[in-house]
Amino acid sequence: CYVDPCSCKLDKAPKVTMYLPDAMFTGMSLYYSYETCGSKDYFTKKFNTEACVNQESKDQCLSLKKKKGGANKCAWTGKKCLGWEIVEHPLCKSFVKEVHSGASTPRHFVAAALAVVASFLRA
C-alpha cells in the first residue's frame with residue numbers, strides 16, 4: 001500500500017518506492033508499506049537493496065540520491081536510515097520522535113496515493 005510517510009505511524013517505517021522513483025505525492029517521494037496492508041514485507045530486504053532502511057551506516061545512508069535532481073533520498077536519524085522526508089520534512093518531525101522513543105500510534109491509510117500511482121501508470 002502507498003502511504004503518506006508523515007501520517008503513517010507504524011512500528012516499521014515506510015519505504016521510498018523503487019518502481020516510480022521520481023513520483024511525488026504532496027511534494028514528497030512516494031512511500032510504500034506492507035505493514036499498512038496487514039502483510040509482512042518479504043520484498044524490501046531482498047529486492048529493494050537501495051531502500052533507506054537497508055543501509056546500515058551513516059555513510060551508506062547519505063550516499064543514496066534521488067535519480068532526478070540528485071537530492072538526498074535518505075537521512076540518518078543517528079540510529080538508522082530512513083527516507084529523507086520522514087526525518088527532515090517539517091510535517092514528519094513527530095514520526096522521528098516516535099521512532100526514537102519506540103512509541104506507536106494507530107495506522108493511517110492514504111487512498112489518495114493510489115490515485116497518484118494510477119495517474120502515473122495511465123500517462
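Numbers here simply count residues along the sequence, with the first being 1.
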* Please assess Cys52 against Cys81 for the test disulfide bond (SG atoms under 2.5 Å apart), listing each intermediate value before the final yes or no. => CA-CA 5 Å; Cys52 301; Cys81 186; 4.6 Å; no
* Please step through side-chain contact (heavy atoms from CB on, under 4.5 Å) for the pair Tyr31 and Ile86, ending with a clear verdict. => CA-CA 10 Å; Tyr31 284 75; Ile86 295 173; 3.6 Å; yes
* Kindly determine whether Gln55 and Leu64 satisfy side-chain contact (heavy atoms from CB on, under 4.5 Å), including the steps that lead there. => CA-CA 9 Å; Gln55 310 315 304; Leu64 294 177; 3.6 Å; yes
* Please lay out, stage by stage, how Cys74 and Cys61 fare under the test side-chain contact (heavy atoms from CB on, under 4.5 Å). => CA-CA 6 Å; Cys74 308; Cys61 178; 3.6 Å; yes
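The side-chain heavy atoms of Asn54 and Lys45, taken from C-beta on, include a pair separated by under 4.5 Å. Inter-residue side-chain proximity for His89 and Met28 is flagged as met; some heavy-atom pair is nearer than 4.5 Å. A 4.5 Å side-chain heavy-atom check between Glu35 and Asp11 finds at least one atom pair inside the cut-off.
Thr44 pairs by the side-chain hydrogen bond (donor to acceptor under 3.5 Å, both in side chains) definition with Tyr32, Asp41, not counting sequence neighbours. Qualifying side-chain hydrogen bond (donor to acceptor under 3.5 Å, both in side chains) partners for Lys73, counting only residues two or more places apart in sequence or in other chains: none. Partners of Ser57 according to the side-chain contact (heavy atoms from CB on, under 4.5 Å) rule, which considers only residues two or more places apart in sequence or in another chain, are Asp59, Gln60. For the side-chain hydrogen bond (donor to acceptor under 3.5 Å, both in side chains) test, residues two or more places apart in sequence or in another chain that qualify with Lys66 are Ser29, Glu85. Listed by chain and residue number, Phe43 satisfy the ring-ring contact (aromatic ring centres under 6.0 Å, His included) test with Phe47 (two or more places apart in sequence, or in another chain). For the side-chain contact (heavy atoms from CB on, under 4.5 Å) test, residues two or more places apart in sequence or in another chain that qualify with Lys58 are Leu62, Trp76.
Considering every non-hydrogen atom in both Val16 and Gly83, the closest pair reads CG2-CA, 4.2 Å. Between Lys65 and Gly70, the shortest heavy-atom contact is CD-O, 3.3 Å.
Put simply, Met18 and Trp84 are part of two different groups of oily side chains (I, L, V, M, F, W, Y) that touch within less than 4.5 Å, one to the next.
Here ring pair (Phe, Tyr, Trp, His ring centres under 6.0 Å) pairs that include residues 50-71, with residues two or more places apart or in two chains, number zero.
Once rounded to the nearest 0.5 Å, the distance linking OG1 of Thr17 with OH of Tyr2 reads 4.0 Å.
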